[in-house]
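Have a look at the structure below, then the notes.
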Amino acid sequence: MTMRITPGQMIAGLPAIVVRDLLLQCDGGFRADWLNDKGYSAKKAKAIISELLALNYIEPSTERHREPSRYPWYSITDLGHSFSNALAARPITRAHAEKSLAEFMERVAQANQNPDFLYRVAEVVLYGSYLRGSETLGDIDLACRLESKIKAEDGASFTKTCKAHFIKSGRAWTRDMCDIFWPHDEVMLYLKNRKRSISLHSIDDFLSMKKDDNFSYEVLLGDAKKIESDLKKYASE
């Protein structure tokens with residue numbers, strides 16, 4: 001039976017759907033520094049790991065990993081894999097899903113025409129239950145790759161531009177380096193448009209996620225041959 005995330009469900013002070021997506025990206029292995037890389041403080045990362053251990057979604061790894069690290073490795077448990085595939089939205093009809101997907105692609109076109117955005121959408125991939133043809137489904141799985149419009153010769157110029165854009169937005173500071181991440185997050189939030197039926201991920205998450213025997217995908221925007229090559233590369237690693 002498919003696990004579902006209930007409205008308002010929280011884990012370590014974060015929406016459960018956010019934590020679900022963190023696990024979905026890990027493909028079986030998990031380390032605290034990966035949370036740091038995503039902007040979470042050491043204290044917050046510790047709290048997330050502590051609660052994931054308590055929920056039995058992860059466990060200390062006993063495997064030997066190819067990538068050495070001073071941070072301890074954790075393995076995703078069977079329950080954790082079920083949680084990483086949990087549905088967060090109520091079941092929707094095929095007609096509703098088709099309408100939502102069409103509206104999403106309209107927002108992709110609008111985002112790429114918006115001169116105020118600092119990122120454009122370069123790739124969109126559809127995958128998951130939508131492609132299996134059922135009349136009802138939990139959500140629409142989509143992966144996007146954004147590319148920066150910022151023509152900066154060095155990292156300092158990029159950082160300065162991102163910070164200025166964040167200040168202009170008037171948004172409150174919510175986590176470490178949120179000003180640097182904001183131009184990218186801004187476009188992703190625009191694409192999702194608060195639609196519970198849309199499950200939106202990065203292309204990297206899509207490439208590295210664990211694939212089952214029923215895995216299939218469709219490239220809606222971008223170079224299909226490149227994405228096929230990238231999938232083969234990840235599968236061989």
Side-chain angles (χ1 to χ4, degrees), residues 1-9 15-25 27 81-117 119-147 149 183-232 234-235:
M1 182 176 180
T2 302
M3 187 182 294
R4 287 190 175 274
I5 294 172
T6 58
Q9 184 178 347
I17 191 172
V18 172
V19 181
R20 178 203 69 175
D21 291 347
L22 289 173
L23 285 188
L24 188 62
Q25 299 162 20
D27 193 25
H81 281 301
S82 295
F83 174 70
S84 68
N85 291 305
L87 301 179
R90 294 176 181 173
I92 57 176
T93 64
R94 167 66 51 175
H96 181 93
E98 290 173 351
K99 181 175 182 291
S100 294
L101 181 58
E103 291 173 346
F104 176 86
M105 293 307 296
E106 287 178 8
R107 291 195 296 278
V108 169
Q110 292 164 2
N112 285 347
Q113 295 169 4
N114 190 332
D116 294 328
F117 287 154
Y119 279 79
R120 66 174 60 87
V121 187
E123 295 174 346
V124 178
V125 176
L126 171 68
Y127 63 101
S129 59
Y130 184 95
L131 295 176
R132 292 196 281 271
S134 60
E135 285 303 311
T136 59
L137 55 156
D139 52 15
I140 306 167
D141 292 299
L142 291 155
C144 294
R145 182 177 70 82
L146 308 186
E147 59 183 20
K149 297 179 184 177
H184 183 280
D185 293 347
E186 177 184 34
V187 177
M188 294 293 277
L189 288 169
Y190 177 82
L191 295 177
K192 183 169 175 58
N193 196 34
R194 299 190 178 186
K195 297 292 185 181
R196 293 178 60 86
S197 57
I198 298 292
S199 180
L200 188 58
H201 309 273
S202 72
I203 284 289
D204 286 343
D205 295 342
F206 163 74
L207 294 173
S208 62
M209 64 181 279
K210 188 174 183 179
K211 315 291 194 303
D212 60 26
D213 293 338
N214 296 320
F215 171 73
S216 62
Y217 71 97
E218 181 180 338
V219 178
L220 303 182
L221 177 66
D223 187 337
K225 289 185 177 180
K226 174 183 176 297
I227 292 172
E228 180 182 10
S229 176
D230 289 343
L231 278 167
K232 290 179 179 178
Y234 270 84

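We're numbering straight along the sequence, starting at 1.
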Exercise for the section: Applying side chain to side chain contact (heavy atoms under 4.5 Å, CB included), run through I203 and V125 and close with a yes or a no. Expected result: CA-CA 8 Å; I203 284 289; V125 176; 3.7 Å; yes
Looking at [X] and [Y], what are the two nearest heavy atoms and their distance?
X: A143; Y: S202; result: CB-O, 3.7 Å
X: M209; Y: Y127; result: SD-CE1, 3.6 Å
X: L191; Y: C144; result: CD1-SG, 4.1 Å
X: V124; Y: M105; result: CG1-SD, 4.1 Å
X: Y190; Y: Q110; result: OH-OE1, 2.8 Å
X: F206; Y: K211; result: O-NZ, 3.1 Å

Exercise for the section: Inspect the surroundings of NZ in K149 and state if more than 12 heavy atoms from other residues, nucleotides or ligands are less than 6.0 Å away. Expected result: yes
Exercise for the section: Verify the neighbour count for atom NZ of K192: are there more than 12 heavy atoms of other residues, nucleotides or ligands below 6.0 Å? Expected result: yes
Problem - NZ/NE/NH1/NH2 to OD/OE distance under 4.0 Å, E135 and R94 - result: no
Practice task
For residues Y119 and H184, establish whether the separation of their ring centroids is below 6.0 Å.
Solution key: yes
Problem - side chain to side chain contact (heavy atoms under 4.5 Å, CB included) evaluation trace for S100 with E98 - result: CA-CA 5 Å; S100 294; E98 290 173 351; over 6 Å; no
Practice task
Check each of I140, D139, L101, N193 against I198 using the side-chain contact (heavy atoms from CB on, under 4.5 Å) test, and report the only one that passes.
Solution key: I140
Exercise for the section: Look at the side chain of N112 and the backbone N and O of V121, then say whether any donor-acceptor pair between them is shorter than 3.5 Å. Expected result: yes
Exercise for the section: State the CG-CZ distance between L189 and R194, to the nearest 0.5 angstrom. Expected result: 8.5 Å
Exercise for the section: Check the pair L137 / Y130 against side chain to side chain contact (heavy atoms under 4.5 Å, CB included), numbers first and verdict last. Expected result: CA-CA 7 Å; L137 55 156; Y130 184 95; 4.0 Å; yes
